[in-house]
Enquirer: 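Below is the structure I would like to discuss, written out as structure tokens.
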Amino acid sequence: MTAETPVRSAARLSVAPMMDWTDRVCRGFHRLLSRRALLYTEMVTAPAVIHGDRARLLDYDAAEHPVALQLGGSDPAELREATRIAADWGYDEINLNVGCPSDRVQSGCFGAVLMKTPALVAECVAAMQAVSPVEVTVKCRIGVDEQEPAEVLPLFLDTMVAAGVRRVTIHARKAWLQGLSPRENREIPPLDYPLVHAMKTAFPQLHLSINGGIGSLEAAARHLEVMDGAMIGRAAYHEPWAILGGADRLWGDAPPFAEPAQAAMAMREVIARHLEAGGRMHQVTRHMLGLFHGRPGARMWKRILSERGSAGTLDDYDAALAAVGAREFA
């Protein structure tokens, strides 16, 4: 077994990389709620890192640690160069996307379609490992299209082990690359948790996290009876307090805040700095709409931030705070 490291400990619970959602502002908010969970960037393609605005794509706040960068690509040379460039940013982990089913990902021949070519994934991983100062990990599906997951997944993991991969996150759904939209691929293919659990028994040397359909901390804790880690995506985004507000208890730590109102008040200073720097309130508060999910005032909180966020001021944020009784925590 590989020794426990800080990032492996953090992977006990992680927030999935989600395009257009887990930007640096979102990660800053999530880190405020949990000191311990592992956070992931949005997927960034290797060509974008090589040819694009690197600061915009890779910059993050030091407070986000532990934080992992997810790269997308299928060309070993491109992934090697992107990993070499990203090394200067000091991420705690570099992750290769072998799970995203979107059309733009397929057209670039990366993401979930790579489940069909595990030998190529191994080449990509080896190229990344050669220049990465941190662990290179993989996030995959249980299979794609007509593949039989019970046959394909063990063979895929065998190939990853041979390539030197020691940590994998498995989305417990097959991806259908033809006929289903990316959203449908997150909901329609049935979850196969038993198969993923069986992989931990079959590959005890691997640090394995499970992803897909996990909607509560209680569900994550049940998976952790078998798995090394649980990754939560949409639930962590849409109900951040329910997932991340108590997440640190999974490590035996007290959460940073006792109530979501305290977290909302702490974010006021973040929003003030963002506005002073020329940003728009919506760029921060769009990630916070579900903070009071299921609590009194939640509808008004969400309405105020949604309707006033684009041109919003601190007065507007204070009105949203008042709607949920957060001002008493000032």
Side-chain angles (χ1 to χ4, degrees), residues 1-18 22 36-41 43-44 64-73 79-80 82-83 86-87 90-100 110-112 114-115 118 120-142 152-172 193 195-212 214 220 223-233 236 247 250-251:
M1 294 291 289
T2 304
E4 183 85 329
T5 63
V7 70
R8 280 170 173 255
S9 174
R12 183 168 176 79
L13 183 77
S14 57
V15 178
M18 292 176 280
T22 51
R36 301 299 302 270
L38 176 60
L39 305 179
Y40 281 80
T41 67
M43 183 190 69
V44 183
E64 293 175 38
H65 287 294
V67 59
L69 170 67
Q70 187 183 66
L71 291 176
L79 283 163
R80 177 189 175 103
T83 301
Y91 283 95
D92 298 290
E93 169 197 333
I94 306 293
N95 178 265
L96 178 62
N97 183 318
V98 189
C100 183
F110 54 90
L114 288 174
M115 292 296 297
L120 176 58
V121 177
E123 289 182 37
C124 292
V125 166
M128 296 166 69
Q129 290 170 333
V131 294
S132 178
V134 295
E135 188 170 28
V136 174
T137 67
V138 171
K139 184 174 187 289
C140 67
R141 290 271 179 150
I142 61 174
V152 168
L153 186 56
L155 291 175
F156 181 84
L157 293 179
D158 266 329
T159 306
M160 294 304 99
V161 169
V165 174
R166 296 293 177 263
R167 185 149 59 87
V168 179
T169 298
I170 305 171
H171 186 139
Y193 292 147
L195 175 61
V196 179
H197 288 179
M199 293 303 99
K200 183 58 195 176
T201 301
F203 295 89
Q205 74 275 39
L206 283 177
H207 183 293
L208 293 179
S209 292
I210 189 168
N211 171 231
I214 304 173
H223 284 296
L224 289 171
E225 295 174 4
V226 179
M227 306 297 293
D228 299 299
M231 175 182 279
I232 303 181
L250 292 175
W251 290 266

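Numbering of residues begins at 1 and proceeds along the displayed sequence. On a predicted model such as this, the values are computed, not experimentally measured, just so you know. When reading the values below, keep in mind they use all heavy atoms of this one structure, side chains included, and skip hydrogens, waters and symmetry mates.
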Enquirer: Would you find a donor on one side and an acceptor on the other, under 3.5 Å apart, between the side chain of Thr22 and the backbone of Met18?
Expert: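 Yes, because the side chain of Thr22 sits within donor-acceptor range (under 3.5 Å) of the backbone of Met18.
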Enquirer: Do Arg12 side-chain atoms and Leu250 backbone N/O form a donor-acceptor pair below 3.5 Å?
Expert: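 Side chain of Arg12 to backbone of Leu250, a donor-acceptor pair under 3.5 Å: yes, one is there.
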Enquirer: Donor-acceptor pair, Arg141 side chain versus Gly99 backbone, under 3.5 Å?
Expert: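 Yes: the side chain of Arg141 pairs with the backbone of Gly99.
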Enquirer: Just verifying a value: how many Å separate Leu71 CG and Thr41 OG1, rounded to the nearest 0.5 Å?
Expert: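 Atom-to-atom, Leu71:CG and Thr41:OG1 are 7.5 Å apart.
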Enquirer: Supply the atom-to-atom distance Leu38 CG to Glu64 CD, rounded to the nearest 0.5 angstrom.
Expert: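 With rounding to 0.5 Å, CG (Leu38) is 11.5 Å from CD (Glu64).
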Enquirer: Is there side-chain contact between Met199 and Pro154, with at least one heavy-atom pair below 4.5 Å?
Expert: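 Yes, side chains in contact.
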Enquirer: Where do Met227 and Ile170 land on the side chain to side chain contact (heavy atoms under 4.5 Å, CB included) test, with the steps shown first?
Expert: CA-CA 11 Å; Met227 306 297 293; Ile170 305 171; 5.5 Å; no
Enquirer: Is there a side-chain contact between Val196 and Leu208 in this structure, where contact means two heavy atoms from C-beta onward sitting under 4.5 Å apart?
Expert: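 Val196 vs Leu208: side chains apart.
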Enquirer: For the residue pair Asp158 and Phe203, establish whether any side-chain heavy-atom pair is separated by less than 4.5 Å.
Expert: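 Result yes, sub-4.5 Å side-chain heavy-atom pair found.
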Enquirer: Could you check whether any side-chain heavy atom of Ile94 comes within less than 4.5 Å of a side-chain heavy atom of Gln70, counting everything from C-beta outward?
Expert: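 With C-beta onward as the side chain, the pair stays apart.
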Enquirer: Are any non-hydrogen side-chain atoms of Ile210 and His197 less than 4.5 angstrom apart?
Expert: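 SC-SC contact between Ile210 and His197 confirmed.
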Enquirer: About how many Å separate CZ of Arg8 and CZ of Arg167, when rounded to the nearest 0.5 Å?
Expert: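 It comes to 6.0 Å.
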Enquirer: Tell me, do Leu153 and Cys140 make a side-chain contact under 4.5 Å, heavy atoms counted?
Expert: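 Yes, at least one pair of side-chain atoms sits under 4.5 Å.
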Enquirer: Out of curiosity, Thr83 OG1 to Leu69 CG, how far, rounded to the nearest 0.5 Å?
Expert: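 Those atoms lie 8.0 Å apart.
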Enquirer: Could you measure the distance from the CD atom of Glu123 to the OG1 atom of Thr159? Nearest 0.5 Å is fine.
Expert: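 OG1 of Thr159 is found 11.5 Å from CD of Glu123.
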Enquirer: Side chains of Ile214 and Met231: closer than 4.5 Å at any heavy-atom pair?
Expert: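 Not touching, per the 4.5 Å side-chain cut-off.
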Enquirer: Tell me, with the steps shown, if Val165 and Leu96 meet side chain to side chain contact (heavy atoms under 4.5 Å, CB included).
Expert: CA-CA 11 Å; Val165 174; Leu96 178 62; over 6 Å; no
Enquirer: Is there side-chain contact between His223 and Lys200, with heavy atoms separated by less than 4.5 Å?
Expert: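 The answer is no, as the side chains (C-beta and beyond) never meet within the 4.5 Å cut-off.
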Enquirer: Is a side-chain donor or acceptor of Tyr91 paired with a backbone partner of Tyr40 at a separation under 3.5 angstrom?
Expert: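 No, the answer is negative, given that no donor and acceptor are paired below the 3.5 Å cut-off.
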Enquirer: Does Asp92 reach the main-chain N or O of Ala68 with its side chain, forming a donor-acceptor pair under 3.5 Å?
Expert: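 No: the side chain of Asp92 does not pair with the backbone of Ala68.
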